[in-house]
Structure formats: structure tokens, C-alpha cells
Amino acid sequence: MVGLPKVHRLQHRQDFREVFRDGIRRTSPHLTLRALPFKPRIPDKEAVKAIELVETLPLPTRIGISISLKVSKRAVIRNRIKRQIQAAFRQLLFQISPGWRLVVVVQPAATQEKCDYHQFLQELEQLLAEAEVLNGHS
RNA sequence: GAGAGUAGGCGCAGGUGGUUACAGACCAGUUAAGGCAGAUGGUCUGAGGAAAGUCCGGGCUCCCGAAAGACCAAACUUGCUGGGUAACGCCCAGUGCGGGUGACCGUGAGGAAAGUGCCACAGAAACAUACCGCCGAUGCAGCAAUUAGCCAUAAGCUGACUGCUUGCAGGUAAGGGUGCAAAGGUGUGGUAAGAGCGCACCAGCAGCGUCGAGAGGCGCUGGCUCGGUAAACCCCGGUUGGGAGCAAGGUCAAAGGAACACGGUUGGUCUUUUACCGAUUCCACUGCCUAAGAGCCGCUAGAGGCGUCUGGUAACAGGCGUCCCAGAUAGAUAACCGCCCUUAAAAGUGGUCAUGCCACUUCUAAGAACAGAACCCGGCUUAUGUCCUGCUCUCUCCC
RNA sequence: GCGGGCGUAGUUUAGUGGUAAAACCUUAGCCUUCCAAGCUAAUGAUGCGAGUUCGAUUCUCGCCGCCCGCU
């Protein structure tokens, strides 16, 4: 079980807000996926330079995980679920088209049944396929 | 030996090596005028006993302008004694009371003869009284017997004495019943009946003596007695500048300086000041937006850890030596493997009177639980796996 | 991080030291040809644990759960 490097994580509140506002939505029994493709938000002057940047070195996929207190009041459990999802993403990372911003919302049911690493991996794969985020490499 | 229980632990929260992964610090080299950031490689480090609940106490920072003194007011409730501590509502040692066969445990432990309130139902009565009952000594009335006087006798009248308990005035609080609680308790004398009315013991109160640092302990004497509730109001004692909290606060960001008189500034009043604020005048300056960007600082060396010695019953204090040990910000610790260690179970060998116990060997299993730092400390409370030690009670066996 | 409020029958509310109340719901009976309505009766609760008190839903303390606010 391994974590995600910092480049591939959503780090700012602004990003989360935009994904929740404009992103497409797909759901599965235990997870909800919100996805938003890359869109330059830097105004006029910087825009040209930014587009050049994208062309030269493509933006990495950024992934955020949202898990509320209602899922479980115990921090240990929330952290474990987060790590499991991170590990699943790490396995799927090379299949995802670059430039997407993804947010996974964990449903309260995720604490209940036999929700382990493989369950999350399977659900994520299905969600990403539905959202057409995957490229043809697999 | 078994079972049950009780108290404590400055006991542990596996160790170590390796492969991947994440976070931080430092170093190297790369891009580069230089700096920051990023990527690459290397070294080191990386959660807890409760990190939790947020129930208390502090440090730190800002705001209420600051400081000192007197009186009053207000707020708070921590309230047996002595000690410890930076401080505490915490800790240690002791006292009283209560519980337990015991080891031990609990204790929100000032005042009820300053005052007010409440004490349902029941009961006569809940703080002052008298329902049933007992007595009826004393006084009055009634009835009966005896006797004395008046009278010739009887009857009658008057008086004395005794009895009745019939009644009233009255005495009493022993007994009954009610209740959580009924006017100190038990015994005995005493009395008309009773009563601390007298006496003995016990309990309580006051005074004296004595022991103790003190709470209090012990002893003697005295008078004879006073319900409970203050986690009801309250009184007394004690304490106190208040508020906000690291999302404090600073900084990235220009927002300044001078003058003198007036007015004002602690909850209130009074006093003082070199303090501060307002407004006024003069000079100078000022385009707008974004600070939730978790930018950078605060931000991790501290009432610090470990070892040892000294003092103290202990909490704890002091000396010396040694070590540096998380600093994230959508928020870092995980997965797998080898060896060692610990515990448990099974098998074998040896010791022993022993199917038990101890030691060794082999193999297997487990290392679980509660749970994740968010400015930092000291406590309390709650959650939780395992190990060790002291003590107590009961049963059984041996001497 | 800081602060506030509430837990009472299955549900919504009373009760603030002395047998825990009401409405709706549920069940049974009566009524009706049947149902509804109506009438009668029954079942059923103080979140948990200590303490104060003769006695606690009420007072005190500690937990647990739920809801809300501020930054």
C-alpha cells in the first residue's frame, strides 16, 4: 500500500470548489466521482505562456479525496480509507489522460461492509471508465 | 495449590535489518547573472499513554489605555489539617465520619442557639403541641362508711377523717399508634402519675488540663439537652483586573510628524502621575481590488527526556553527567520479507512422592486492543490489549 | 479552536423535589350488513452511571448521543 506523490494531489480549496461546481458526476455504491478537465484560469497576459507550458510539459492528473466526519468520527478509520483509495489510484494512474482534476467523495456506507482495497480499486476503475477519463493504454 | 478479591507499577505498547511509498531537515550536483521554487541522488529523523473528551490550571499573543492606594460594590465556589507545585478544582501525608469478615475503599468534611423557607402521605402534633392513655397529690362538686356536735331519740343539719374515680379545674409526656425523623438512650431509684427529678454507663454540648505543627486524640469537671435540610435561599470564610484565543498576533503593504490648551479614560467614589485617547490647528502623504494565498514568521530547547547521588515518610526538591527527540497545512508512518525477543498451546527429555510444578529442546500461533500530533506544558476524566509485584478472604493438601 | 442548547410512552409535547400527564398511534371490545367516525378499556417512557436527600424526571458531578452558532 503506497501513497501518492504531492504532484498528483489537489492541494487548494479553490480547486475543490471549481471541481464541485463544474465537474461531471458519477456514482457507485460507496464512492462519488467528480471530474473536471484542465482549463486555464490565468487571465489574459499569462494565458499564452500557460498554454505553451501545457504543450511542452503536460499537467499531471490531480486527485483529491473528500471524506466527512459523518463517514466515521474516528480519524484512524478516515485516514485508512484515504490511504486505500490513494493506493488504488496509484495503480490506475498511468491509464488516466493527463490534465484532469478528480475528487472522490466517500459515502458513509464505506465503513460498513467488507470495503477493502480491492473493492475500491474495482469501483474506481468502473467510475473512471464511465466518465471517459481513461485513455486507450490499457 | 485452587478460586475469589484488592492495591500499585518513573512496566510494555515489540526490537533490528532489508525492499518499495509518504513527510521534514541538511548536503551534493543540474538549470542559472544571482535568489526562490521544482525535479534527481545521498544521509538523518518521523505520533500517544491516552495524541481523545475539552472538565480545570498555566505559559505565550492581542484587545479593553497603564500603574499605585483606600473604601464600597460585584462576580466566582474551589470550603477538615499540614505539606508539594509556576499554578490548579491536581498530588502526597494525616484527622474525623461512613462502608467492607479483610486487604482496602469512599468522602461536595465551615455555619441549622443570624434570619427566612421546606419536611408530601400518615399522624394529636413536624418545632411547638397533647388524640388515646396514666394520675387526679392540690382545689371544687358528687356518692358511701366512720365519728364528733346540735337534739330526749330517730330523721335531719354542720364539721372532721377515710375511700370511690364519678365529673371538672389541673398534673404528666412513661406507654400506644404514624412516620425518614416525635424532644437524648438503657437500667435503677423516685412519684399521685410521671419527667435528667436523682444516680450509673453510653452519646452530645461547654470549660479546664494534657499530647500534637494542626485538623484532632486522651483525661477530668460541669450543668442537663438543643429535630432534619445550606448539591434550598442565605451567613461566614476564601479567591479575583476582564475578554479573546496560534484561524492569537506579526509580516509580504503606502497609511507620517509636530504643537499647546480643553474634554475624557478602571464596576462606583476619592486621590496621584512623566501615561493614553478624542477633537482642534499646522506641515506632509494617499488610484482601486485580492490575504480562506491555509504565502512567510510565530513553530518547536522545554516548569524537556534519560542516568546517578543527596535531602524528605511521601508528593517533590536540589546537585552532577549526558542527549536533542515530529512540525504537517485536503493535513505525512503504510505494505511485504528475514532474524531475535515476549506470551500462549502441544509434544519430548530430565529433576521431584506427584496426572502438578520447574528447567531445556522442537514445532505452531499471536504481538492483539483503544486509537493519529495541529502553539506548548501540568493535571483530571473517559476508551483499551498484555505483563509484573505486594496484600486479603475462602477451600484443599503436607509438616 | 471556542461557545450554546436538548435528551420523558412508537411520535409530538406537559410536569421543576412527594402515585409521571395528555393527544395521536397500536391492540381488544361495543356500535354498523361492512368500513369510517364515535364510545369504552388495555399496552407502553424519565439516555447511562455515581452522589446529596426520608424521597430525584427535577438538585450536583461524570459519561454517551443529537442539534445549532461563531472564527
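All chains are named by letter (A, B, ...) in the order of the sequence lines, taking the proteins before the strands, and each is independently numbered beginning at 1.
- Taking the syn range as angles within 90° of 0, the glycosidic angle of B:G196 is syn.
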*Evaluate the side-chain contact (heavy atoms from CB on, under 4.5 Å) criterion for residues A:R25 and A:T32: first the C-alpha distance (whole Å), next the side-chain angles of each, then the deciding distance (0.1 Å), finally the verdict.*
CA-CA 7 Å; A:R25 168 159 45 183; A:T32 299; 4.1 Å; yes
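- With sequence neighbours left out, A:Q122 forms a side chain to side chain donor-acceptor pair (under 3.5 Å) with no residue at all.
- With no hydrogens or angles considered, no side-chain donor-acceptor pair links A:S28 and A:Q126 at under 3.5 Å.
- Within the 4.5 Å cutoff, side-chain heavy atoms of A:L92 are placed close to those of A:L128.
- With a glycosidic angle no more than 90° from 0, B:G49 adopts the syn conformation.
- A 3.5 Å limit on both hydrogen-bonding distances identifies no Watson-Crick or G-U partner for B:C363.
- We find the OH-CD distance between A:Y117 and A:Q91 to be 3.5 Å, quoted to the nearest 0.5 Å.
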Between the protein and nucleotides 372-375 of chain B, are there any N/O to N/O pairs under 3.5 Å, and if so, what are the atom names and distances?
{"from": "B:G372", "atom 1": "OP2", "to": "A:A75", "atom 2": "N", "distance (Å)": "3.2"}
{"from": "B:G372", "atom 1": "OP2", "to": "A:V76", "atom 2": "N", "distance (Å)": "3.4"}

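- An anti orientation is assigned to B:C262, its glycosidic angle lying beyond 90° of 0.
- Taking atom P on both B:G102 and B:U394, the two are 11 Å apart, rounded to the nearest angstrom.
- Put simply, the residue from A:I67, A:V106, A:I65 that forms a side chain to side chain contact (heavy atoms under 4.5 Å, CB included) with A:R78 is A:I67.
- Summarising the geometry, the separation between CD on A:Q84 and P on B:C22 is reported as 18 Å, rounded to the nearest angstrom.
- Rounded to whole Å, the separation between the P atoms of B:U188 and B:A195 comes to 12 Å.
- Rounded to whole Å, the separation between the C1' atoms of B:A383 and B:A52 comes to 9 Å.
- One P atom belongs to B:A73, the other to B:G379, and the distance between them is 41 Å to the nearest Å.
- In this structure B:A317 sits in a base pair with B:U310, meeting the Watson-Crick or G-U test at under 3.5 Å.
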_For RNA chain C, please output the secondary structure as dot-bracket, reading 5' to 3'. Pairs are Watson-Crick or G-U wobble, both atom distances under 3.5 Å; mark crossing pairs with [ ], other-strand partners with |, unpaired with a dot._
(((((((..((((....[..)))).(((((.......)))))....(((((..]....)))))))))))).
*What's the verdict on side-chain contact (heavy atoms from CB on, under 4.5 Å) for A:L31 and A:V105, showing C-alpha distance, side-chain angles and the deciding distance?*
CA-CA 6 Å; A:L31 304 171; A:V105 180; over 6 Å; no
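- On the P atoms, B:U240 is 12 Å away from B:G89, given to the nearest whole Å.
- Separating the CZ atom of A:F89 from the C1' atom of B:A330 is a distance of 14 Å, rounded to the nearest angstrom.
- In this structure, B:A113 forms no base pair with any nucleotide, since neither Watson-Crick nor G-U wobble geometry is met with both distances under 3.5 Å.
- The base-pairing partner of B:G372, taking Watson-Crick or G-U wobble contacts with both distances under 3.5 Å, does not exist among the strands shown.
- Rounded to whole angstrom, the span from the NZ atom of A:K82 across to the P atom of B:U333 amounts to 11 Å.
- For B:A330, there is no paired nucleotide, since no Watson-Crick or G-U wobble pair has both relevant distances below 3.5 Å.
- Put simply, CD on A:Q86 is 13 Å from P on B:A330, counting in whole angstrom units.
- Atom CD in A:Q91 sits about 18 Å away from atom P in B:U20, given to the nearest Å.
- Interatomic distance, CD1 of A:I85 versus CG of A:L121, reported as 11.5 Å (0.5 Å rounding).
- Nucleotide B:G8 has B:C388 as its partner under the Watson-Crick or G-U criteria, with both atom distances under 3.5 Å.
- A gap of 26 Å separates the C1' atoms of B:A120 and C:A50, to the nearest Å.
- Across all strands shown, B:G212 remains unpaired; no Watson-Crick or G-U wobble contact has both distances below 3.5 Å.
- Rounded to a whole Å, the OH atom of A:Y117 is 13 Å from the P atom of B:C336.
- Residues forming a side chain to side chain donor-acceptor pair (under 3.5 Å) with A:T27 (at least two apart in sequence, or on another chain): none.
- Using a 4.5 Å heavy-atom cutoff, the side chains of A:E123 and A:P29 are in contact.
- Going from the C1' atom of B:G196 to that of B:C202 covers 15 Å, rounded to whole Å.
- In this structure, A:L124 and A:V104 have side chains that are in contact, with non-hydrogen atoms separated by less than 4.5 Å.
- When both pairing distances are held under 3.5 Å, B:C157 makes a Watson-Crick or G-U pair with B:G149.
- A distance of about 41 Å separates the C1' atoms of C:U53 and B:A86, rounded to the whole Å.
- Taking the syn range as angles within 90° of 0, the glycosidic angle of B:A47 is syn.
- The CZ-C1' distance, from A:R78 to B:U333, rounds to 17 Å in whole Å.
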